[in-house]
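Values in this document were obtained by computation on a predicted structure and should not be read as measured data.
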Amino acid sequence: NSMPSERLEELEKIRVPHTVKHLPARYLDEKEYQMISGYVKELNIPAEWSEKSVVLVMEGAAHQAELYCNGQSVGIHSCGYTAFKADLSSFLKYGAVNRIVVRLDSRESLDIPPFGYVIDYLTYGGIYRPVYLDVREKIHFKDVFVQADDKKHARIQVEAEVTDNCTIRAWVMNSQGEIFARMEEQKFQENFHMHVPRAGLWDTEHPQLYILHLEILKYGQVMDSEEVRFGFRSIEMRTDGCYLNGSRIEIRGLNRHQSWPYFGYAAPRRAQRLDAEILKYELGCNAVRTSHYPQSHDFIDRCDELGLLVFTEIPGWQHIGGIQWKAQAVKNTEEMVRQY
């Protein structure tokens with residue numbers, strides 16, 4: 001972290017998604033990708049961002065990442081399969097060059113899921129999913145959750161940074177921009193319902209999707225907006241099988257790992273989407289299990305579009321560790337539910 005800027009040229013230049021070790025197609029020793037590595041990025045932060053919220057998001061960094069901003073530790077994230085979100089607002093120098101450093105530990109000796117006992121799959125290492133800065137106004141959305149059912153009702157939960165006199169408005173539209181329902185501007189609230197009677201249902205043969213568009217306003221000015229894509233559907237398990245929108249459905253599914261030859265987990269968007277297409281069109285599946293960890297949003301989004309049911313799970317499946325391990329497993333569950 002104290003390396004002079006001119007010496008950054010000595011480091012290997014990389015692009016994200018990145019793997020810590022390129023590997024042969026057939027035989028390898030899994031210890032080859034188990035190491036501590038460092039990632040460095042210098043970037044100019046505009047002066048006007050001092051009035052904004054600046055959050056760094058790493059969607060996947062395997063497996064334990066400590067983030068530094070200008071030499072100060074911002075936080076540690078102990079899961080290689082969920083996103084690490086860190087508020088950099090109070091650590092940045094505005095109108096100047098800033099240095100972001102990630103210390104990444106990809107060793108399987110870490111006391112976190114899925115590690116411990118025997119792991120029957122390779123876990124690789126690297127910042128292998130997208131990394132970006134999420135820059136918003138101080139008044140902004142933090143999280144939005146849509147729970148929609150087969151009766152065309154959507155229950156919406158909003159988490160946001162707001163002040164007095166903030167208002168909210170929303171509408172539901174299809175991918176072509178046609179509006180199906182609207183909630184007119186009203187005092188900001190964290191929970192509300194919308195009924196969309198003209199909407200179609202999502203199922204494995206007709207995966208109809210809609211977009212909820214939300215806006216926070218203050219004195220008539222839009223401060224932030226957020227969009228969430230979702231489908232109207234109900235699903236339940238009964239003693240005689242799975243029911244989707246009240247009708248029994250035969251599940252035909254496979255497990256999917258996110259690993260690839262040569263570059264491990266570091267597959268780009270087009271490769272993630274291709275896997276979903278193979279499952280649907282070549283293998284005839286209507287479901288997939290993300291064994292054994294949350295996977296790329298690019299893959300999950302394509303499953304939504306194609307009509308693939310997704311069974312997702314926290315990292316690991318065959319081992320339960322000690323107190324610290326269990327606490328991390330609970331945190332992994334919270335992150336998985338919030339992010340997926």
Side-chain angles (χ1 to χ4, degrees), residues 1 3 8-23 28 30-43 45 54-88 91-92 98-110 112-115 121-135 257-273 275 290 293-301 314-315 328 331-332 335-336 339-340:
N1 219 0
M3 178 183 288
L8 291 182
E9 296 297 321
E10 299 173 18
L11 300 181
E12 176 191 354
K13 288 183 172 63
I14 63 106
R15 293 173 66 185
V16 173
H18 181 256
T19 183
V20 293
K21 180 74 174 179
H22 288 105
L23 299 164
L28 65 109
E30 68 269 20
K31 290 186 174 57
E32 289 186 48
Y33 59 73
Q34 296 187 46
M35 64 180 76
I36 295 174
S37 52
Y39 292 79
V40 183
K41 174 72 173 176
E42 288 194 332
L43 68 166
I45 300 294
V54 184
V55 174
L56 183 124
V57 182
M58 289 192 294
E59 290 191 3
H63 287 269
Q64 186 174 72
E66 182 165 12
L67 178 68
Y68 296 86
C69 180
N70 296 321
Q72 291 183 273
S73 178
V74 177
I76 298 175
H77 188 249
S78 297
C79 180
Y81 301 99
T82 55
F84 182 16
K85 300 178 181 180
D87 190 340
L88 300 186
F91 295 89
L92 292 169
N98 291 253
R99 179 177 291 184
I100 309 295
V101 175
V102 178
R103 178 193 184 274
L104 191 62
D105 192 337
S106 55
R107 295 174 297 180
E108 294 184 359
S109 56
L110 290 165
I112 60 173
F115 304 123
Y121 55 96
L122 300 174
T123 61
Y124 303 101
I127 298 179
Y128 69 94
R129 290 182 191 158
V131 180
Y132 49 90
L133 290 176
D134 189 3
V135 183
H257 272 288
Q258 65 179 11
S259 49
W260 291 68
Y262 308 113
F263 50 84
Y265 284 168
R269 180 175 185 267
R270 64 185 181 276
Q272 302 286 352
R273 292 172 65 84
D275 265 5
T290 63
Y293 37 77
Q295 297 184 7
S296 165
H297 289 282
D298 291 325
F299 173 74
I300 302 293
D301 287 348
I314 59 173
Q328 184 60 46
K331 186 169 180 59
N332 292 349
E335 291 180 347
M336 180 182 72
Q339 295 172 18
Y340 289 83

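In this structure a side-chain-to-backbone donor-acceptor pair under 3.5 Å is present from N70 to F91. Checking side-chain atoms of R129 against main-chain N and O of Y81 turns up a donor-acceptor pair under 3.5 Å.
Under the salt bridge (charged side-chain N to carboxylate O under 4.0 Å, His left out) criterion, no residue pair touches residues 60-74, with sequence neighbours excluded.
Taking every heavy atom of both residues into account, L56 and L88 meet most closely at CB-CD1, 3.8 Å. Smallest separation of non-hydrogen atoms from G125 and S106: CA-CB, 3.7 Å. Contact detail for Q64 and L110: the closest heavy-atom pair is OE1-CD2, 3.7 Å. For the pair I112 and H63, the tightest heavy-atom approach, listed with the atom from each and the gap, is CD1-O, 3.8 Å. Scanning all heavy atoms of the two residues, the minimum distance from M336 to I314 falls at SD-N, 3.6 Å. Annotation for P113 and P315: closest pair CB-O, 3.7 Å, computed over non-hydrogen atoms.
By the salt bridge (Lys or Arg N to Asp or Glu O under 4.0 Å) test, D134 pairs with R136, sequence neighbours left out. With sequence neighbours left out, the side chain to side chain donor-acceptor pair (under 3.5 Å) criterion links Y128 to Q258. Among residues two or more places apart in sequence or in another chain, the salt bridge (Lys or Arg N to Asp or Glu O under 4.0 Å) test is passed with E12 by none. In this structure, the side chain to side chain contact (heavy atoms under 4.5 Å, CB included) partners of T290, at least two apart in sequence or on a different chain, are Q295, F299, I300, V310, T312. Residues forming a salt bridge (Lys or Arg N to Asp or Glu O under 4.0 Å) with E335 (at least two apart in sequence, or on another chain): K331. Not a single ring-ring contact (aromatic ring centres under 6.0 Å, His included) links H22 to another residue, sequence neighbours left out. Shown here are the side chain to side chain donor-acceptor pair (under 3.5 Å) partners of D105, two or more places apart in sequence or in another chain: R107. Taking P130 as the reference, E59, Y132 meet the side chain to side chain contact (heavy atoms under 4.5 Å, CB included) condition, with sequence neighbours excluded.
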Taking distance alone, no hydrogens or angles, what donor-acceptor pairs closer than 3.5 Å link side-chain atoms of residues 30-40 to residues at least two apart or in another chain?
| from | atom 1 | to | atom 2 | distance (Å) |
| --- | --- | --- | --- | --- |
| E32 | OE2 | D29 | N | 3.3 |
| Y33 | OH | E108 | OE2 | 3.0 |
| Y33 | OH | T123 | N | 3.1 |
| Q34 | OE1 | E108 | N | 2.9 |
| Q34 | NE2 | E30 | O | 3.4 |
| Y39 | OH | H18 | ND1 | 2.8 |
| Y39 | OH | I127 | N | 3.4 |

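Taking CE of M58 as the reference point, atom OG1 of T82 lies at 10.5 Å (rounded to 0.5 Å). Distance check: Y340 OH to H297 NE2 gives 4.0 Å after rounding to the nearest 0.5 Å. To the nearest 0.5 Å, atoms CD (Q272) and CG (D301) are separated by 11.0 Å. Remark: L23 CG to Y124 OH distance equals 6.5 Å, nearest 0.5 Å.
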Q.
The test is side-chain contact (heavy atoms from CB on, under 4.5 Å); show your working for L28 and L122 and say whether it passes.
A. CA-CA 10 Å; L28 65 109; L122 300 174; 4.3 Å; yes
Q: Please step through side-chain contact (heavy atoms from CB on, under 4.5 Å) for the pair L133 and I45, ending with a clear verdict.
A: CA-CA 11 Å; L133 290 176; I45 300 294; 4.3 Å; yes
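H257 and Y293 have their aromatic ring centers within a separation under 6.0 angstrom.
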